[in-house]
Amino acid sequence: MPENLKSTSLTRCWVLKNNNQTRVFYSRDKKSKRSKPDQAVGIRRFRKMLLVGALKGDWKKAIIYENRQGGREVDRVDPTEIYK
């Protein structure tokens with residue numbers, strides 16, 4: 001995983017956990033080392049992490065933003081959603 005993920009990722013995910021702690025995650029937008037970054041890949045990976053992965057059942061609110069100053073909201077993930 002690149003060390004400069006904070007500056008190279010296209011999106012970031014703000015998560016409010018059940019114990020009221022907040023975390024920010026940065027997306028991994030490439031399928032392989034030589035591929036071009038794709039925002040949709042990063043969003044799919046966030047959704048998988050939240051709904052069936054490491055944070056499953058441990059959060060109550062998640063919002064995905066563009067990774068830039070004042071970036072717009074891209075998506076909201078509901079904890080009751082089913083992963084497809």
Side-chain angles (χ1 to χ4, degrees):
M1 188 178 305
E3 294 178 16
N4 59 351
L5 199 58
K6 189 173 182 177
S7 63
T8 61
S9 63
L10 299 177
T11 54
R12 67 181 184 267
C13 182
W14 177 85
V15 177
L16 177 63
K17 296 178 80 174
N18 287 336
N19 59 4
N20 291 327
Q21 290 180 334
T22 59
R23 298 275 314 266
V24 176
F25 298 94
Y26 295 92
S27 63
R28 292 177 38 231
D29 303 306
K30 291 183 171 187
K31 290 185 180 182
S32 68
K33 188 175 183 177
R34 290 184 239 194
S35 66
K36 292 184 179 181
D38 184 6
Q39 186 175 23
V41 170
I43 292 171
R44 278 194 307 270
R45 287 181 175 170
F46 277 144
R47 296 178 74 76
K48 186 174 183 178
M49 174 188 71
L50 293 165
L51 299 173
V52 296
L55 293 177
K56 180 181 178 182
D58 191 31
W59 58 280
K60 47 185 162 179
K61 190 174 194 178
I63 305 171
I64 301 172
Y65 295 98
E66 291 178 338
N67 189 25
R68 59 180 175 184
Q69 189 69 24
R72 68 178 176 81
E73 182 179 319
V74 177
D75 193 13
R76 284 182 184 246
V77 184
D78 184 19
T80 60
E81 273 185 49
I82 307 249
Y83 180 72
K84 303 175 204 169

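Heavy-atom basis, side chains included; hydrogens, waters and symmetry copies ignored.
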Exercise. Give me the other members of the hydrophobic cluster that Phe25 sits in, counting Ile, Leu, Val, Met, Phe, Trp and Tyr linked by side-chain heavy atoms under 4.5 Å, directly or via other members.
Key: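 Hydrophobic cluster check, Phe25: joined to Val15, Ile43, Phe46, Met49, Leu50, Leu51, Val52, Leu55, Trp59, Ile64, Val74, Val77, Tyr83.
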Roughly how far, to the nearest 0.5 Å, is the [atom2] atom of [Y] from the [atom1] atom of [X]?
X	Y	atom1	atom2	answer
Leu10	Lys30	CG	NZ	10.0 Å
Arg44	Asp75	CZ	CG	12.5 Å
Cys13	Tyr26	SG	OH	11.0 Å
Arg68	Arg12	CZ	CZ	10.0 Å

Give me the atom names and distance for the closest heavy-atom approach of [X] to [Y].
X	Y	result
Arg23	Lys17	CG-CD, 3.9 Å
Arg76	Arg47	O-NH1, 4.1 Å
Asn67	Lys6	ND2-O, 2.8 Å

Exercise. Please name all residues satisfying side chain to side chain contact (heavy atoms under 4.5 Å, CB included) with Lys60, sequence neighbours left out, ordered by chain then number.
Key: Leu16, Asn18, Asn20
Practice problem: For Ala54, check side chain to side chain contact (heavy atoms under 4.5 Å, CB included) against everything at least two apart and list the hits. | Solution: none
For [X], which residues count as a side chain to side chain donor-acceptor pair (under 3.5 Å) partner, sequence neighbours excluded?
X	value
Lys31	none
Ser27	Thr11, Asp29
Asp38	none

